[in-house]
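Working notes for the structure below.
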Number of protein chains: 2
Amino acid sequence: MSTAGNPSGTQAVDRAAKLLSEVVHSTVPVTFTELTAATGLAKSTTSRLLLALERNGLVRRDDHGRFLPGEMFVSFAWRGGADTSLVAVAQPFLDRLGKSTGETINLGVANGPQAETIAQVDCAYLIGGTNWVGLSVPLHASAIGKVLLAHGAAQLSAGPMARTTDKTITSEATLRADLAGVRARGYAVSDEELEPGLITIAAPVFRFDGTVVAALSVSAPTSRMKRETAMAVARRCVEEAAGLSSALGYRPRARKGA
Amino acid sequence: MSTAGNPSGTQAVDRAAKLLSEVVHSTVPVTFTELTAATGLAKSTTSRLLLALERNGLVRRDDHGRFLPGEMFVSFAWRGGADTSLVAVAQPFLDRLGKSTGETINLGVANGPQAETIAQVDCAYLIGGTNWVGLSVPLHASAIGKVLLAHGAAQLSAGPMARTTDKTITSEATLRADLAGVRARGYAVSDEELEPGLITIAAPVFRFDGTVVAALSVSAPTSRMKRETAMAVARRCVEEAAGLSSALGYRPRARKGA
DNA sequence: GAACCTAGTTCCATAAAGTGGAACTCCTGG
DNA sequence: CCAGGAGTTCCACTTTATGGAACTAGGTTC
């Protein structure tokens, strides 16, 4: 009768978790009745489970008796555990993107005047990216960096822009134009601007408040990234980045339909 | 045999919640064995419950099989639910402070160049504070404001400091000296500096990373806040602020004991 | 202000789900 | 290759959760 086939005997916990999930993933406080409806549980069961969740600080009630995530969630959020866990939330999205493109996938964030790689999925080919996790790259020459710059998630340092290949953008005006393109298209491209033979495409990851917190990228050798492939890859990259954004609570536009 | 007398029949959920609590409130990943030890549950039970929690995104395992808070917590934290819920976490501390002093309790945060009151517990006396929630007061004249200033959680605006009573500090040098005192003592006092007849004492609330995010205050009419009373009140205020800080993950000093 | 909803909690007999000891499977290190 | 620890799976036992019904608490209507 339930949606999922429960692997083993833990009904009560699973049901409680389902209730909890409804409460936590909702953007607004949830009523008791909505919860019985959403989970299909009997009133008595719902009541007992919610009482247990409340007793354990997993949910709480507002003045109208509606349910909100409890002290345990708030406390976790305040203690900053989230920052270190971005990678964990992102992993499934990276994996999916890696599987569908076969190329090297990276997740990068701003770290001072550079872009730092914090997670990676290796490519399926013999020739491909090495491990970049922990490495920092120039903002103006990398696709991830350009995404961060374009959305104000990183600032260039004062000095002149270092040239790493003959295609590297070093003029401020050119970069500004490129960044405008990044915002318009929804993704950034670094076409041999960081390293000869390397093309990278990156898309922005938004947080609940619409600010960009990271960028998701696909890197491949020029030999495998022709124009048509690039278009498809870019679309997939933007898709997964959007999915991750949504997991972080970003809601691009109020959407119709229940 | 168990530590707590369970009010009603929800053993499995309570046990799962206890495991979850261990995982979430720990600063480091927790091992399976630590969990069995901490909760006193049988290996088989622990295993089953953890599997259920994992399946539902409440915990996850790192590469060494140790347990961390799951996607549900991270996602909640990233979507910014915490900010709106500071009041909820703080409530018990405010209540306790209110009960033990009998006076008006406030929780305030920085809001631009002012201190904004975001929660309040009303005093037990007939004469006392009115509702301040939502009100903003000058940083330099209020105890909450001085705490925020002293710990760099708020900045004064450029202009001159407005005088609201004849005791208001309006000289920058005097204020600077006062703020040094606030840091040294651990609390701030506004002695009729905001309104004649009103004394307020405030203590800082720290976040996990040691930054100050809010201030907790006790306000009373001069008639009830004599010197000795003030000392006791200040101590209680600092205590509760420390308790709240701890709930937000702040650990002033590594603590001994299992 | 009495009758009537609706929302939610408590009761209780039933049976289903959780429990824990023991057996089993994986690792890791000697 | 064997020993020992860590964790999972099995399974008979029984404790614990379940859900319908009764009950309580607010709120609305007439």
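Chain A is the first sequence line, chain B the second, and so forth, proteins listed ahead of strands; every chain is numbered from 1.
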### Message
Would you say the rings of B:Phe73 and A:Phe73 are close, in the sense that their centroids are separated by under 6.0 Å?
### Response
yes

### Task
Mark yes or no for whether A:Ser245, through its side chain, and A:Ala241, through its backbone, hold a donor-acceptor pair below 3.5 Å.
yes

### Query
Distance-only, no hydrogens or angles: does the A:Thr36 side chain make a donor-acceptor pair with backbone N or O of A:Thr33 under 3.5 Å?
yes

Separation of [X] atom [atom1] from [N] atom [atom2], in whole Å?
X: A:Leu35; N: C:dA7; atom1: CG; atom2: P; answer: 14 Å
X: B:Arg48; N: C:dA17; atom1: CZ; atom2: C1'; answer: 10 Å
X: A:Leu53; N: D:dA17; atom1: CG; atom2: C1'; answer: 14 Å
X: A:Leu51; N: D:dT18; atom1: CG; atom2: P; answer: 13 Å
X: A:Leu41; N: D:dG20; atom1: CG; atom2: C1'; answer: 15 Å
X: A:Glu34; N: C:dT6; atom1: CD; atom2: P; answer: 17 Å
X: A:Asp14; N: C:dG18; atom1: CG; atom2: C1'; answer: 12 Å
X: A:Phe32; N: D:dA25; atom1: CZ; atom2: C1'; answer: 14 Å

### Query
When all nucleic acid strands are considered with a 4.0 Å heavy-atom cut-off, which category describes A:Thr33: base, sugar-phosphate, or nothing?
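Since only primed, P, OP1 and OP2 atoms lie under 4.0 Å of A:Thr33, the category is sugar-phosphate.
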
Does [X] have a side-chain nitrogen or oxygen under 4.0 Å from the phosphate oxygens OP1 or OP2 of [N]?
X: A:Thr46; N: C:dG8; answer: no
X: B:Gln11; N: C:dT19; answer: yes
X: A:Thr45; N: D:dG19; answer: yes
X: B:Ser44; N: C:dG20; answer: no
X: B:Arg15; N: C:dG20; answer: yes

### Message
On DNA chain C, does the nearest nucleotide to A:His64 precede the nearest nucleotide to A:Ala12 from the 5' side, or the other way round? Give the residue.
### Response
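Going by which nucleotide is closer to the 5' end, it is A:His64.
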
### Query
When you match A:Phe67 and A:Val13 each to their closest nucleotide on DNA chain C, which lands nearer the 5' end?
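The answer here is A:Phe67.
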
### Query
Taking NZ, NE, NH1 and NH2 as the nitrogens, is one of them in A:Lys18 or A:Glu22 under 4.0 Å from a carboxylate oxygen of the other?
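Salt bridge flag = no for A:Glu22 with A:Lys18.
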
### Query
Quick one: do the B:Glu54 and B:Asn56 side chains pair a donor with an acceptor below 3.5 Å?
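The criterion, which ignores hydrogens and geometry beyond distance, is not satisfied for B:Asn56 and B:Glu54.
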
